[in-house]
Amino acid sequence: MDNNREQWSSKASFILAAAGSAVGLGNIWKFPYIAGENGGAAFLFIYLICIVLVGLPILNIEILLGRATQKNPIGAFKTLTDKPFWKYVGALGVFASFTILSFYSIVGGWSVAYTFEALKGTFSSFDNPQMAADFFNLKNSNAMWVVGWHTVFFLMIVGIILSGVRAGLEKASKFLMPVLFVILMILVVQGLMLPGADKGTSFLFSPDWSKINPQTFLLALGHAFFTLSLGMGAMMTYGSYLSEKDDVVNASYLVAFLDTIIAILAGVAIFTVVFSSGYDPAAGPGLVFHVLPPLLAQLAGGYIFALLFFLLLTIAAVTSGISILEVSVAYLVDELKYSRKKATLTMGLLVYLAAIPCALSFNLWSDVTLLNTGLTFFDAADYLASNILLPLGGFFLAIFAGYVWGVDEVVRNLLIGDSNSVYFGNSIFKSPSFNKLFSFLVRYLSPILIFLVFLYVLGWI
Ligand code: PFF
């Protein structure tokens, strides 16, 4: 084992960093519009089932693989099996980290840009969402604007990663995650005090079962992967900085719980504002950048609420962005023995450049579509990562744990580590009947469900 490899200073630091990875644009930008388009509470219900039955077991496995091998995804598989195939599964994770960050960084850049626009008070001059949409489109038609903010966002991530695990990733998450939570609570409280806020909460909490169909289920599963940062080795890489003293099971519960509660709170903060202003929640990806800025700005104290909202979005994007880039950086450090500085600058530059076509998708290359798909680079990167690479990675993880490493070995490893929690820790794995359930989820339910998602996104079912 590499004695120079850094570790988190405590399990709490790991939990904050892993929660920082999980809580991202997926919770604040994606979750509300997917829920809005798919029946609100009905979607939430199915999503929660997916988190518990598939997300949690895979989250345990990913973190465990990292902790057990103290390696990046490629190194982790290489350590546990001689079969070269699995190395390529790890490589798929590194490729996914490139793909995700190339569109994530564009949205991250918009978030930083909008924080500055909020600071300048730009949104108070918008009378309606159409004006905000026009503003968004005008800004994005300027390639330099998009590339410039992508650069700013990217420099923030690279700066954090350069400082290392403790002084960079850990310190950033320890500072930013509490700030994120406080901002979110302020927005939730102000949302709940608005007239008509109950329409927003009942949209999110009273289910309309007629909305549930197989597609809702598949969409919810795909999103569960994205939101928990599963399937590309981000949780594995973060887990690789954990020590054996720390219980993976307890950490997984907390990360999944924090991620879910923050998605729901973000939903409350957003839907209360949207409904109380009489707008439609099913506004698609533009919900956050087109609909919200004018609605927030028109509230009493709206200047500050708009500013807080985009700060929240920026923080969420930064703490996830660092976990995405860290996967490829850890690969270069572990496998090719690069220094952290060289690895960060090399991967940083490569991913930065890979994102440029996504930035140009809104202007110079807006007509360029990939291979008859009709998707721009930006849309294709989102589609490929969220709908194909992550579920595929999750599928292989379940197969690896269930059939190659073996559930017994997984359970033996999960039982290592002290959780200090009687109820929410690894002691549950001492129960044979729970182990049977876990084995069923890992060996059968997860791979089959993921396989179905896969067929669905490819349009085969
Ligand atoms: N979980 C992040 C979000 O919800 O925005 C996105 C993400 C981060 C996906 C890290 C995958 C990953 F490895």
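The first residue in the sequence is number 1, and the count goes up from there. In what follows, every heavy atom counts, from backbone to side chain, and hydrogens, waters and symmetry copies are set aside. For ligands, and for the atoms within them, numbers begin at 1 and follow the listed sequence. Note that the structure is predicted; figures quoted are calculated from it, not measured.
Taking the six-membered ring wherever Trp is involved, the centroid distance between the rings of Phe362 and Trp110 falls below 6.0 Å. No close placement of the Tyr238 and Phe14 rings is indicated, their centers lying 6.0 Å or farther apart. Side-chain rings of Phe123 and Phe305 stay apart, their centers remaining 6.0 Å or farther from each other. Two rings, from Phe377 and Phe103, have their centers 6.0 Å or more apart.
Protein residues with a heavy atom under 4.0 Å from ligand 1 are Ser21, Ala22, Gly24, Leu25, Gly26, Asn27, Ile100, Tyr104, Phe226, Thr227, Ser229, Met232, Ala234, Ser320, Ser323, Ile324.
Every residue meeting the side chain to side chain contact (heavy atoms under 4.5 Å, CB included) condition with Ser102, not counting sequence neighbours, appears here in chain and number order: Ala355, Cys358, Ala381.
Heavy atoms of other residues, nucleotides or ligands lying less than 6.0 angstrom from CZ of Phe424 number 12 at most.
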